Amino acid sequence: MSHTQQQTADAGGASLFHRLSHTPLRDALRGRISGRLDYERIVRGSGLNAPIDALVLSVVRKTRLRRIEKADVTRELVSHFRSGLAAGTSSDELIESFGDPKQAALLIRRAVKRRRPMVMSAMIHSMKGVAALVLILAMAYVLMAIRLYSGHPTISHNYLADLNSNAESVPESDRAWPLYREALIVLRAEFGERLNIAFHPEEDDWQRTVEVIERHPEAINTLRQAAAMPGLGYVAGFSHDPADSALWPDEEYPADPNARFDFESKSIIEVQLPQLGSLRFVGKLLTADAYRAAEHGDGTAAANDLVALVRTAEHARETPTLISDLVGVSLLALACETTTRLLQESPQLLTEADSLRLAHELASYGGRDGVTVRIGHERDWFRDLVQRMYTDDGNGNGHLTDEGTALLMSWSDASFAVPDPDLRAVLTGAGLSFVIADRKDTLNEYDRIMNHMIAQFQQPMWERGRAGTSYQSLEKLVTNRVWSFKYLLPRLMMPALDRAAINGDLAAIRRDGALVALALHVYRLRHDGHWPATLEDLVPDLLARVPIDRYDGQPLRYQVIDGEAVVYCLGVDCDDDGGMVPEEESRVAEWLPPADRNTNSSRFVDGDWVLWSSSSSQQGD
Amino acid sequence: MRIERELMRGAGPVAVLKLLERGEMYGYELVESLSQQSDGVLAMGQSTLYPLLYNLEAKGLIAGSWREAPETGRARKYYALTGKGKKRLASDAKQWQALVNAMSVIGVVSRDGKRSVA
């Protein structure tokens with residue numbers, strides 16, 4: 001009987017399934033159900049006596065070798081005892097001479113392991129390593145999951161109240177919003193939902209716009225009255241105010257008016273700011289009315305409209321948000337553009353008093369802040385999100401929660417190849433909580449970048465970007481994979497603040513241009529139609545100082561060419577082209593940090609940004 | 001007389017190699033031969049022999065093969081000395097001889113194998 005036949009015979013009699021489960025893969029692949037891995041069956045079928053069977057089984061079990069190795073050792077021991085018995089040695093003597101089974105198992109195990117082929121050893125070690133790694137990962141995942149699901153966010157600070165603090169502080173009698181609302185209810189009905197309104201007499205719907213305005217002089221006057229109020233007084237919430245239902249009849253209003261202030265269930269990122277859209281509409285109406293007044297030669301009415309427009313822009317800033325400031329500077333820019341255009345198109349329109357009144361209003365915009373977009377407002381939005389996503393240990397730290405990961409995944413559009421959101425949350429939530437920075441670290445990183453950006457924007461525009469700190473910080477968040485995951489929340493919540501803040505600078509340039517234009521206009525009224533030789537001639541009577549060209553830090557440029565005054569700044573190419581308007585005017589009023597200019601030369605337009613010209617052929621933008 | 005484990009650890013493998021130099025043997029046969037030919041001095045339990053055989057096999061000094069026993073027809077594993085095993089045996093034998101000589105010179109053992117009297 002061959003060894004293989006012997007092995008197969010050892011396994012004889014067992015069920016097919018049993019034999020199959022004790023057959024090496026290579027035998028099974030050859031179609032042979034040998035069952036030769038069943039060492040217990042080998043012992044039972046050996047014909048030896050019970051004590052020897054027990055000894056062999058005990059030794060083999062304790063070796064903890066692979067099944068095929070156990071079977072091999074079993075056969076050898078069985079053969080050994082058979083030989084001993086055949087030689088006339090008693091069972092007891094054989095057992096006694098065998099030695100300590102435990103020691104034997106240990107030595108056999110060591111020896112057989114040394115006998116293993118190197119490839120097999122490497123494979124076994126690799127498999128053990130992989131198994132250990134999987135086990136470690138599984139345990140780590142369980143620990144992370146326990147951590148993730150063990151804590152919940154605590155909403156400890158009412159950021160909505162902070163957002164509304166300015167509006168709430170305006171006494172009821174000083175609030176502009178009820179007046180705006182009253183006028184808008186009338187005017188919105190006339191212009192319809194799309195609020196199509198012409199700004200300027202050259203536009204298509206101009207006649208219709210004029211007709212509507214002239215049909216409702218009280219409403220326009222009410223808008224001016226509203227603009228003159230000390231504060232807007234619009235208290236924002238998570239839905240529209242039921243008091244505004246006549247203005248926005250199609251909106252949904254909660255049965256309980258206080259429900260719109262339920263800050264515990266909603267983040268201020270969901271706050272509704274419908275007043276901003278309405279104030280933009282007010283700005284268009286006042287602009288149109290200024291041009292209408294100009295057509296009638298009523299400079300005082302036009303100036304009143306423009307003054308009201310600047311105050312409306314101020315009202316837009318009341319709710320401290322980035323978007324509010326953007327609307328504010330947008331309305332201010334509209335007032336400046338209308339001012340310079342009227343000065344050019346109707347040089348006799350504005351009296352000295354009207355001009356100075358308007359100049360004073362333009363110069364006062366923003367109060368101490370000046371003409372700027374305050375990106376620091378975003379901090380509250382971010383902190384509110386953090387308190388809804390992280391636990392709070394009372395010392396400023398905490399870990400990401402289940403609620404937080406759900407929010408993150410809903411924003412990031414990351415399906416992680418798992419379409420079902422609940423399953424995705426279970427599979428990835430714990431991992432996310434491990435990868436993403438904890439509360440303190442997240443806030444610190446956000447503040448670090450925000451502080452850099454604010455510091456950057458506090459520098460003069462022409463020097464900005466040389467240090468490149470804010471850009472580098474943001475770039476690292478976007479391009480570094482580890483950082484972009486670790487600080488996923490700052491990355492998602494850090495909008496293009498640099499671009500937003502630039503809008504403040506560009507509006508300030510327009511405002512400076514309008515102030516110089518008004519000063520030149522008044523100078524000319526005082527000097528029989530003559531222009532000053534330089535802008536210094538306007539100081540200090542009409543200007544406190546000559547505004548700075550924010551593209552290079554020098555005074556704004558001024559020239560009188562063929563009897564026409566031109567006020568300009570260098571524009572995006574930072575190059576003095578003598579007040580030449582570029583062919584591609586829309587791009588001259590851009591700005592690039594100096595560090596980016598070499599790599600974005602294709603974006604340059606050759607020419608200057610003409611802020612005001614007394615000649616219609618020169619006026620830019 | 002039983003040999004201390006540490007001494008046996010050095011002597012056992014060379015003794016097994018020497019036995020196999022004469023021809024292939026199976027486990028029980030080796031145990032018996034070691035015991036009989038050394039008057040029991042080199043007798044080792046099977047718990048020691050089989051790990052020793054597996055170690056020698058792992059080092060390539062001996063090779064095992066299963067074959068039918070002529071008297072019973074049952075399979076047995078026979079061990080034979082390999083070429084590498086022969087070289088090792090020659091080398092080890094020289095070392096043992098040198099060791100015995102040295103022990104003799106310093107009087108630990110006598111030339112005739114009797115223990116020296118201090």
Side-chain angles (χ1 to χ4, degrees), chain A residues 1-10 42 45-48 52 55-56 58-60 62-63 65 69 72-89 93-118 121, chain B residues 2-6 8-9 12-13 16-17 19 24-36 38 40-80 82 84-85:
Chain A
M1 184 185 286
S2 72
H3 176 53
T4 308
Q5 286 170 328
Q6 176 74 51
Q7 289 175 336
T8 307
D10 289 338
I42 294 171
S46 66
L48 297 168
I52 293 178
L55 174 66
V56 173
S58 168
V59 171
V60 173
K62 284 174 181 154
T63 60
L65 292 165
E69 292 167 338
D72 202 37
V73 170
T74 304
R75 282 188 198 95
E76 179 134 36
L77 293 180
V78 164
S79 169
H80 169 85
F81 284 108
R82 271 189 193 134
S83 298
L85 290 172
T89 312
E93 283 173 332
L94 283 171
I95 290 171
E96 190 185 345
S97 65
F98 185 82
D100 179 18
K102 194 173 174 183
Q103 180 71 12
L106 181 68
L107 294 174
I108 288 172
R109 175 177 169 76
R110 282 185 193 157
V112 171
K113 282 174 73 178
R114 282 192 203 109
R115 207 172 52 173
R116 284 173 182 165
M118 195 176 288
S121 295
Chain B
R2 300 284 293 184
I3 302 294
E4 290 289 332
R5 181 182 290 181
E6 291 304 316
M8 195 63 188
R9 187 171 292 170
V16 168
L17 292 177
L19 287 178
E24 61 180 17
M25 300 174 86
Y26 55 93
Y28 185 79
E29 196 177 7
L30 275 166
V31 171
E32 287 297 300
S33 295
L34 277 170
S35 181
Q36 286 172 10
S38 67
V41 172
L42 293 176
M44 60 174 76
Q46 294 87 333
S47 62
T48 310
L49 175 74
Y50 286 103
L52 190 156
L53 289 174
Y54 297 154
N55 276 328
L56 293 175
E57 200 176 15
K59 291 174 184 171
L61 303 179
I62 63 173
S65 60
W66 286 90
R67 279 210 317 281
E68 282 178 33
E71 62 274 25
T72 63
R74 287 185 176 274
R76 266 188 197 144
K77 192 171 185 182
Y78 287 88
Y79 293 94
T82 64
K84 189 178 174 185

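Letters A, B, ... mirror the listed sequences (proteins, then strands); counts begin at 1. Everything numeric in this text was worked out from a predicted model, so none of it was measured.
Within residues 55-65 of chain B, the residues having any heavy atom closer than 4.5 Å to a heavy atom of chain A are B:Asn55, B:Glu57, B:Ala58, listed by residue number.
Between B:Tyr50 and A:Val59 the shortest side-chain heavy-atom distance does not fall below 4.5 Å.
Contacts between A:Leu106 and chain B at a heavy-atom distance below 4.5 Å are absent for every atom of the residue. In this structure, chain B has no heavy atom under 4.5 Å from any part of A:Ala105.
The salt bridge (Lys or Arg N to Asp or Glu O under 4.0 Å) check on A:Arg116 picks up A:Glu69, with sequence neighbours excluded.
Distance CG/B:Leu52 to CD1/A:Ile108: 11.5 Å, rounded to 0.5 Å. Here the OG atom belonging to A:Ser97 is positioned 11.0 Å from the CG atom belonging to B:Leu49, to the nearest 0.5 angstrom. Here CZ of B:Arg76 is found 11.5 Å from CD of A:Glu76. Values are rounded to the nearest 0.5 Å.
Residues B:Ala75 and A:Ser79 come closest through the heavy atom pair O-OG, 3.9 Å. Closest heavy-atom contact between A:Ala111 and B:Pro51: CB-O, 3.3 Å.
In this structure, a donor-acceptor pair under 3.5 Å is absent between the side chains of A:His80 and B:Tyr26. Inspection of the B:Tyr28 and A:Thr89 side chains reveals an N or O donor paired with an N or O acceptor under 3.5 Å.
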Residue pair A:Val73, B:Tyr54: steps toward the side chain to side chain contact (heavy atoms under 4.5 Å, CB included) verdict: CA-CA 10 Å; A:Val73 170; B:Tyr54 297 154; 4.0 Å; yes

